[in-house]
Number of protein chains: 2
Amino acid sequence: MKRAAAGLTLDDYLPYRLSVAANAVSDLIAGAYHARFGLSIPQWRLVAVLGEDGPSTQQALCARTRMDKVTVSRAATALGERKLISRSPNAADGRSHRLGLTGEGQALYAEVAPSALAYEARLLEAFSPPELETAHGLLRRLELAAMALAAKMD
Amino acid sequence: MKRAAAGLTLDDYLPYRLSVAANAVSDLIAGAYHARFGLSIPQWRLVAVLGEDGPSTQQALCARTRMDKVTVSRAATALGERKLISRSPNAADGRSHRLGLTGEGQALYAEVAPSALAYEARLLEAFSPPELETAHGLLRRLELAAMALAAKMD
DNA sequence: CAGATTTAGTTTCAAATGAAACCTTTTGCC
DNA sequence: GGCAAAAGGTTTCATTTGAAACTAAATCTG
């Protein structure tokens with residue numbers, strides 16, 4: 001990893017590399033899911049989590065998907081309009097809604113999930129399982145380090 | 001890497017992990033550079049590349065920084081207004097502008113570059129040099145794989 | 001060398017984003 | 001219980017983003 005005169009090389013600057021790689025992958029995935037299922041990334045994340053974990057509240061979904069509550073609210077509204085999720089009032093708490101996949105939503109999930117995995121598999125063809133394990137670990141640690149540093153800056 | 005009933009686990013889905021990690025890091029960096037130097041990420045990338053490689057055209061900067069030409073145009077306008085870069089007409093091609101750091105821009109670069117590295121160092125404190133080497137390699141390969149797959153989808 | 005095409009860059013427009021204000025219900029706390 | 005503070009969601013607003021249309025200059029092609 002060579003560094004230029006002033007010490008900084010954009011290409012070797014990890015926040016840059018990370019951003020570029022993430023954008024390339026995100027654009028690819030976003031395009032695929034929009035074209036195939038009419039889902040935005042926030043919407044697809046909600047479907048994935050509801051399919052995976054079962055019904056939940058928006059607040060829980062925010063924590064689970066690391067998305068803003070505004071983003072979750074809008075994705076939930078859109079999915080509700082498409083009858084992919086139901087939003088029943090939460091008996092336990094009058095402020096919140098209980099979200100769950102409808103039958104149609106479950107059918108979509110059953111189709112989307114394998115497709116997502118197949119797409120991931122194609123993207124990651126050239127990576128060995130240990131490499132992927134390493135990648136996951138590094139990404140998690142990076143995320144934690146960034147959050148820790150952000151917290152330290154208050 | 002365990003996978004749920006339907007085979008999909010959001011937490012183990014690499015595009016998701018990548019996006020979350022990149023957002024965490026980007027938000028951190030964006031906040032730091034905005035607070036300290038009043039630079040957006042596109043602006044700071046232009047300053048970094050112009051400081052690193054010397055004068056250039058916008059088109060070259062697009063390729064170099066992987067940013068959209070609209071984004072580069074706007075960042076260049078803003079930096080021009082702050083007199084951090086000069087935009088002289090390009091003798092060789094009447095359509096394009098030659099961009100370069102002004103004296104003030106160079107002074108800023110001389111301050112920003114070490115600060116960026118110091119910040120990166122704090123973020124990456126917990127990573128060993130070989131781990132960072134690995135991370136860079138994996139990110140580059142991911143980026144290439146995503147672009148290759150995108151091209152294949154035309 | 002005159003038109004057709006491409007390229008550098010800007011502008012316009014519509015969509016996505018998230019911070020802040022807001023409404024409603026719940027939870028402390030006296 | 002009653003009132004202040006907090007929490008779940010939604011709405012509003014300002015900002016960011018990039019696709020598409022546009023302008024002007026350069027390059028092909030015949």
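First the proteins, then the strands, lettered A, B, ... as listed; each starts at 1. From a predicted model like this one, the values you see are computed outputs, not experimental measurements.
A salt bridge is absent between B/Asp11 and A/Arg45: the closest approach of a Lys/Arg side-chain nitrogen to an acidic carboxylate oxygen does not fall below 4.0 angstrom. A salt bridge links B/Arg17 to A/Glu143: one of the charged nitrogens lies within less than 4.0 Å of a carboxylate oxygen.
Across all strands, B/Arg98 comes closer than 4.0 Å to no nucleic acid atom at all (heavy-atom distances).
A nucleotide of DNA chain C counts as in contact with chain A when one of its atoms lies under 4.0 Å from a heavy atom; the first and last such, 5' to 3', are C/dT17 to C/dT26.
The residue among A/Asn23 and A/His97 whose nearest nucleotide of DNA chain D is located toward the 5' end is A/His97. Between A/Asp93 and A/Arg74, the one whose closest nucleotide on DNA chain C sits nearer the 5' end is A/Arg74.
Follow the hydrophobic side-chain contacts under 4.5 Å out from B/Leu139 and you reach B/Phe127 in the same cluster. Under the 4.5 Å side-chain heavy-atom criterion for ILVMFWY residues, no single connected hydrophobic cluster contains both B/Met147 and A/Val25.
Sorted by first and then second residue, the ring pair (Phe, Tyr, Trp, His ring centres under 6.0 Å) pairs with a member in residues 43-69 of chain B read A/Tyr13-B/Trp44, B/Tyr33-B/Trp44; sequence neighbours excluded. Within the structure, side chain to side chain donor-acceptor pair (under 3.5 Å) pairs that include any residue of residues 71-89 of chain B comprise B/Gln58-B/Arg87 (at least two apart or interchain).
In terms of polar N and O atoms assigned as donor or acceptor, the side chain of B/Arg95 never comes within less than 3.5 Å of the base of D/dA26 in a complementary pairing.
The interatomic distance linking A/Arg87 (CZ) with D/dG9 (P) rounds to 9 Å, in whole Å. As a whole-Å value, the separation of B/Ile41 CD1 from D/dT15 C1' is 15 Å.
Within residues 54-71 of chain B, the residues that place at least one heavy atom under 4.0 Å from DNA chain C are, in residue-number order, B/Thr57, B/Gln58, B/Gln59, B/Lys69, B/Val70.
Contacts of A/Arg98 classified as salt bridge (Lys or Arg N to Asp or Glu O under 4.0 Å), with partners at least two apart in sequence or in another chain: none. The side-chain contact (heavy atoms from CB on, under 4.5 Å) test applied to A/Asp27 returns no partner, not counting sequence neighbours.
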